[in-house]
Amino acid sequence: MYDLLKLLHLIAAIVWMGGMTFMLIALRPATLAVMEAQPRAVLMAAVWQRFFVAVLIAIVVLLATGGYMFGGTMKAARDATGHGVVPLGWTVMTALGGLMFLIFGHIYFAGFAKFRRAVAAAQWPVAAKAAGQIHMLMVTNFVLGWAAIAAVKLLA
């Protein structure tokens, strides 16, 4: 059971991190290079809508699997030693993951909502500003994601 949970956890993390990698390194630079602002905004609204649904699903999986594995490890440690201690890397990963969830919540429920409304109303300067904010928050989450991965591998 643990191995299946760990696999699901990794898949969810790969979906989220892989999607951000694609967005930041390939899609955004390519669209900025070859598309005018208005069609680019319409495309990004459609792309982000699909990607953000995948991220929401990934977050549910990460919370469920991570919480179960973290709690199970704490219980096993408590049963074996009398106190529940998990590896430092897990604690750092959990804290960074929590911060990433909060940032994504802001991206989705504030930034993307504003972006979609602006695109629907053809308010292109507002859409551009919202897209820039989404980009900066996505870069932040990308860096935090790599820090979480490094923490779980290097601080174990």
Side-chain angles (χ1 to χ4, degrees), residues 2-70 86-156:
Y2 181 85
D3 287 337
L4 176 60
L5 292 174
K6 189 173 181 181
L7 175 63
L8 291 172
H9 195 80
L10 289 170
I11 289 169
I14 290 167
V15 165
W16 193 359
M17 288 299 294
M20 287 191 294
T21 300
F22 173 73
M23 294 280 183
L24 296 171
I25 294 175
L27 183 62
R28 185 172 190 272
T31 60
L32 286 171
V34 301
M35 294 182 79
E36 295 297 323
Q38 293 173 4
R40 181 174 63 241
V42 172
L43 172 67
M44 291 310 297
V47 170
W48 280 338
Q49 178 62 44
R50 288 165 177 81
F51 175 60
F52 292 160
V53 168
V55 173
L56 286 168
I57 293 167
I59 286 172
V60 169
V61 172
L62 288 164
L63 284 170
T65 58
Y68 188 85
M69 290 186 295
F70 197 93
V86 295
L88 175 61
W90 285 29
T91 303
V92 172
M93 175 183 61
T94 301
L96 293 174
L99 182 56
M100 289 176 70
F101 299 155
L102 292 173
I103 291 170
F104 177 77
H106 184 71
I107 288 171
Y108 186 75
F109 295 109
F112 184 56
K114 181 178 182 179
F115 177 78
R116 279 190 307 194
R117 286 191 307 271
V119 169
Q123 296 174 328
W124 306 116
V126 175
K129 184 176 178 185
Q133 291 168 341
I134 290 168
H135 172 73
M136 289 310 302
L137 291 170
M138 193 178 296
V139 168
T140 301
N141 260 0
F142 188 67
V143 170
L144 291 172
W146 283 112
I149 291 167
V152 80
K153 291 309 290 178
L154 300 176
L155 302 175

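Along the sequence shown, the residues carry numbers beginning at 1.
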Do you know which two heavy atoms are closest between [X] and [Y], and how far apart they sit?
| X | Y | value |
| --- | --- | --- |
| Ala118 | Ala127 | CB-N, 3.5 Å |
| Val61 | Thr65 | O-OG1, 2.7 Å |
| Val47 | Met23 | CG1-CE, 3.3 Å |
| Phe112 | Ala45 | CZ-O, 3.7 Å |
| Thr31 | Leu43 | CG2-CD2, 3.8 Å |

Original post:
Going by the angle between their ring planes, with limits at 30° and 60°, are Trp146 and Phe142 parallel, tilted or perpendicular?
Top reply: perpendicular
Could you tell me the separation between the [atom1] atom of [X] and the [atom2] atom of [Y], rounded to the nearest 0.5 Å?
| X | Y | atom1 | atom2 | value |
| --- | --- | --- | --- | --- |
| Phe101 | Leu96 | CZ | CG | 10.5 Å |
| Arg28 | Met44 | CZ | CE | 8.0 Å |
| Phe115 | Ile134 | CZ | CD1 | 6.0 Å |
| Met20 | Met100 | CE | CE | 4.0 Å |
| Phe52 | Ile57 | CZ | CD1 | 14.0 Å |
| Leu7 | Ile14 | CG | CD1 | 8.5 Å |

Original post:
Are there more than 12 heavy atoms of other residues, nucleotides or ligands under 6.0 Å from atom CH2 of Trp124?
Top reply: yes
**OP:** Check whether more than 12 heavy atoms from other residues, nucleotides or ligands sit under 6.0 Å from atom OH of Tyr108, and answer yes or no.
**Re:** yes
Subject >> Non-neighbouring partners of Arg116 that pass side-chain hydrogen bond (donor to acceptor under 3.5 Å, both in side chains), sequence neighbours left out >> reply: Gln49
**OP:** Evaluate side-chain contact (heavy atoms from CB on, under 4.5 Å) for Leu155 paired with Trp90, printing each intermediate quantity in order.
**Re:** CA-CA 8 Å; Leu155 302 175; Trp90 285 29; over 6 Å; no
Subject >> Pair listing, ring-ring contact (aromatic ring centres under 6.0 Å, His included) test, anchored in residues 18-39, at least two apart >> reply: none
Original post:
Any side-chain heavy-atom pair from Ile103 and Thr140 closer than 4.5 angstrom?
Top reply: yes
Subject >> Min side-chain heavy-atom separation Phe104-Leu137 under 4.5 Å >> reply: no
**OP:** Test His9 against Leu62 for side-chain contact (heavy atoms from CB on, under 4.5 Å), laying out the working first.
**Re:** CA-CA 5 Å; His9 195 80; Leu62 288 164; 3.5 Å; yes
**OP:** Carefully, step by step, assess Trp16 and Asn141 under the rule side-chain contact (heavy atoms from CB on, under 4.5 Å).
**Re:** CA-CA 10 Å; Trp16 193 359; Asn141 260 0; 3.7 Å; yes
**OP:** For His135 and Leu24, run side-chain contact (heavy atoms from CB on, under 4.5 Å): C-alpha distance rounded to whole Å, both residues' side-chain angles, the deciding distance at 0.1 Å, then the answer.
**Re:** CA-CA 8 Å; His135 172 73; Leu24 296 171; 3.5 Å; yes
